[in-house]
Amino acid sequence: MEYGKASFLKGRISVCRQNFFSRLFKERIFGKCDSCFFSAGATGALIADPYSAAPRGPSRMAASRLPILLAVAFSSLSCILSHSNREMWFQDLFPPNTCPINAKANTFYGIMFDAGSTGTRIHIYTFVQKSPEKLIELEGEIFESVKPGLSAYADQPEKGAETVKRLLDMAIDAVPPHLWKKTPVVLKATAGLRLLSEEKAQALLLEVREVFEESPFLVPEDSVSILDGSYEGILAWITVNFLTGQLSGQNQHTVGTLDLGGASTQITFLPRFEETLKQTPGDFLTSFEMFNSTYKLYTHSYLGFGLKAARLATLGALDMEGGQMFRSSCLPKQLEAEWHFGGVKYQYGGNKQGETGFKPCYLEVLKVIKGKLHQPDEIRGSSFYAFSYYYDRAVDTNLIDYEEGGVLEVRDFERKAKEVCDNMERYNSASPFLCMDLTYITALLKEGFGFRDSTLLQLTKKVNNIETSWTLGATFHLLQSLGITY
Ligand SMILES: O=c1[nH]cnc2c1ncn2[C@@H]1O[C@H](COP(=O)(O)OP(=O)(O)O)[C@@H](O)[C@H]1O
Ligand SMILES: [Ca+2]
């Protein structure tokens with residue numbers, strides 16, 4: 001089992017100070033409270049177009065500004081899903097007109113597992129509540145991951161659950177024993193389990209549930225489940241816009257989000273034009289109510305269009321039995337190797353006799369994408385936050401720095417794809433799939449979603465030291481549903 005990079009919570013983040021209180025927020029959010037402060041500088045920077053802070057963007061914001069933003073963002077936030085079931089989220093979790101100054105700190109925790117197709121991750125969030133009036137703030141996160149993901153244990157569910165148990169042991173160390181019983185633990189699985197048979201997926205979830213039941217934590221009903229694809233996009237959108245302060249104040253400039261997982265990919269944004277709403281199929285739209293305004297989000301999850309699923313589709317190996325050699329012009333000519341994904345072994349190799357390089361590779365990849373995705377006109381000129389494999393492949397090819405992230409144009413991915421695909425021997429030491437992955441990302445952005453070459457992408461892994469993952473949005477939802485306010 002391989003452990004990923006860990007990021008641990010830095011020191012405590014201070015909350016209320018005096019003197020810098022922004023009049024706007026004071027009146028709007030804290031009402032009668034006189035002694036809280038809001039750094040106008042930080043507010044401006046976070047609410048302004050995040051791309052103006054390029055290349056490091058909002059992730060460089062001082063950590064000490066985070067809790068205030070969280071308090072402001074959620075102080076009167078609720079959201080309503082508008083599909084068939086209307087549901088209130090976050091209501092009363094962050095009440096308006098309260099001031100946490102001089103209140104006794106009360107720390108509590110929420111544990112959210114992301115069972116992704118390529119790995120399982122634990123996010124242990126720490127919150128503080130400074131007053132009985134229920135204002136809670138996110139203080140930080142402990143994050144750890146293991147590979148492979150649960151779906152690789154489709155035929156050995158107990159072994160899969162064991163990987164979850166090892167991560168959960170971290171939470172036993174991180175959460176003080178007297179809070180174990182009050183700390184909820186939840187696991188949500190994404191595309192890897194969506195693609196398994198119902199029987200195998202349920203067997204895995206059952207084993208994980210047993211691990212949770214044996215732990216000292218609070219195990220809510222439905223604590224282990226498969227996350228619906230559209231929630232995945234919405235929750236990630238909430239996380240990013242929340243962490244960057246876009247859900248608070250009057251001059252909101254929310255940003256769209258692009259998540260590229262191993263087996264599925266999501267696009268989520270807030271349409272600005274009536275025309276977009278008219279052109280969009282109903283099941284791509286979801287409504288939220290926040291600060292007394294309604295946001296109608298465009299969101300869709302494309303199952304089978306994650307980076308690794310796309311490799312199989314490009315190789316023509318989807319739904320095929322093993323024991324066969326799959327070849328592609330996107331791979332080094334002489335290559336012959338094996339690859340394991342979702343518990344299946346595939347043999348693959350380069351086009352020994354035929355063509356290799358960017359042009360033939362792009363044509364191959366296009367067959368997987370062309371005509372399969374909805375293209376909202378509005379996004380052509382917009383900027384988006386992009387993470388997961390967009391981030392990883394940009395790091396692998398030195399387009400951005402691992403720690404800092406950065407701003408790229410869509411054409412940067414194409415330039416890099418050409419460079420790698422047309423010089424595969426030079427990139428021998430990197431993954432043999434590097435050319436295919438970059439070409440897929442280029443084609444997905446341009447031909448799939450319909451972005452322009454000049455569309456800006458803010459590549460972000462963390463904002464204020466918190467991972468940009470759907471798990472934070474899911475944890476707020478969890479706390480709300482449990483009425484955990486202490
Ligand atoms: O919390 C996170 N922090 C950083 N990267 C993450 C996190 N969660 C997922 N990723 C990234 O997501 C990608 C893998 O996608 P995943 O395994 O979640 O597939 P899926 O979303 O299709 O199920 C990798 O690039 C991995 O680094
Ligand atoms: Ca994911």
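Both ligands and their constituent atoms are indexed starting at 1 by order of listing. Basis for what follows: all heavy atoms, side chains included, without hydrogens, waters or symmetry-related copies.
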Chemist: Can you find a side-chain donor-acceptor pair between S301 and Q266 that sits under 3.5 Å?
Modeler: yes

Chemist: Is there a heavy atom of G149 sitting under 4.0 angstrom from any atom of ligand 1?
Modeler: no

Chemist: Has the side chain of K416 got a donor or acceptor atom that lies under 3.5 Å from a matching backbone atom of L438?
Modeler: no

Chemist: Would L260 count as being in polar contact with ligand 1, using the rule that some N or O on each side must be under 3.5 angstrom apart?
Modeler: no

Chemist: As a test of the contact definition, would atom 11 (C) of ligand 1 count as having a protein heavy-atom neighbour under 4.0 Å?
Modeler: yes

Chemist: Identify the closest protein heavy atom to atom 23 (O) of ligand 1: which residue and atom is it, and at what distance?
Modeler: T190 OG1, 2.5 Å

Chemist: In this structure, which one of L227, T190, I122, L187 forms a side chain to side chain contact (heavy atoms under 4.5 Å, CB included) with D114?
Modeler: T190

Chemist: Please report which non-hydrogen protein atom sits nearest to atom 22 (O) of ligand 1, along with the residue it belongs to and the distance in Å to one decimal place.
Modeler: A263 N, 2.8 Å

Chemist: If the contact criterion is a heavy-atom separation under 4.0 Å, does E232 count as touching ligand 1?
Modeler: yes

Chemist: Below 3.5 Å, N or O to N or O, backbone or side chain included: is there any such pair between G116 and ligand 1?
Modeler: no

Chemist: Nearest protein heavy atom to atom 1 (O) of ligand 1, by residue and atom, and its distance?
Modeler: H123 CE1, 3.1 Å

Chemist: Counting heavy atoms only, which part of D114 comes closer than 4.0 Å to ligand 1: side chain, backbone, both or neither?
Modeler: side chain

Chemist: Which protein non-hydrogen atom lies closest to atom 16 (P) of ligand 1, naming both residue and atom, and how far is it?
Modeler: R121 NH2, 3.5 Å

Chemist: To check your reading of the model: name the closest protein heavy atom to atom 17 (O) of ligand 1, its residue, and the distance in Å.
Modeler: T118 OG1, 2.6 Å

Chemist: Checking E139 against T107: is there a side-chain donor and acceptor pair closer than 3.5 Å?
Modeler: no

Chemist: Please confirm whether the backbone N or O of A337 pairs with a side-chain atom of Q347, one donor and one acceptor, at under 3.5 Å?
Modeler: no

Chemist: Which ligand 1 atoms does S264 reach within 4.0 Å, using its non-hydrogen atoms?
Modeler: 22 (O)

Chemist: Applying side chain to side chain contact (heavy atoms under 4.5 Å, CB included) between S383 and each of L457, L456, V407, report the one that passes.
Modeler: L456

Chemist: Specify the protein heavy atom at minimum distance from atom 27 (O) of ligand 1: its residue, its atom name, and the distance to 0.1 Å.
Modeler: D392 OD2, 3.1 Å

Chemist: Any chance the side chains of Y427 and T397 put a donor and an acceptor closer than 3.5 Å?
Modeler: no

Chemist: Show your working on side-chain contact (heavy atoms from CB on, under 4.5 Å) between W237 and T299 and close with a plain yes or no.
Modeler: CA-CA 9 Å; W237 184 91; T299 187; over 6 Å; no

Chemist: Please state which part of F387 comes within less than 4.0 Å of ligand 1, counting heavy atoms only: side chain, backbone, both or neither.
Modeler: neither

Chemist: Is the gap between the SG atoms of C330 and C361 under 2.5 Å?
Modeler: yes

Chemist: Under 4.0 Å from a heavy atom of F143: give me the atoms of ligand 1 that qualify, with their elements.
Modeler: 1 (O), 2 (C), 3 (N)

Chemist: Please classify the S388 to ligand 1 contact at 4.0 Å (heavy-atom distances, strictly less than): side chain, backbone, both or neither.
Modeler: both

Chemist: Does N423 use its side chain to pair, donor to acceptor, with the backbone of R426 at less than 3.5 Å?
Modeler: no

Chemist: Identify, by atom number and element, the atoms of ligand 1 in contact range of G261, meaning under 4.0 Å from any of its heavy atoms.
Modeler: 15 (O), 19 (O), 20 (P), 21 (O), 22 (O)

Chemist: Can you tell me the protein heavy atom closest to atom 4 (C) of ligand 1 and the distance?
Modeler: E467 OE1, 3.1 Å

Chemist: Tell me: protein heavy atom nearest atom 5 (N) of ligand 1, and distance?
Modeler: K461 NZ, 3.7 Å

Chemist: Do R166 and D169 sit within salt-bridge range, that is, some charged N less than 4.0 Å from a carboxylate O?
Modeler: no

Chemist: Please walk me through it: do L195 and S151 pass side-chain contact (heavy atoms from CB on, under 4.5 Å)?
Modeler: CA-CA 9 Å; L195 287 169; S151 48; over 6 Å; no

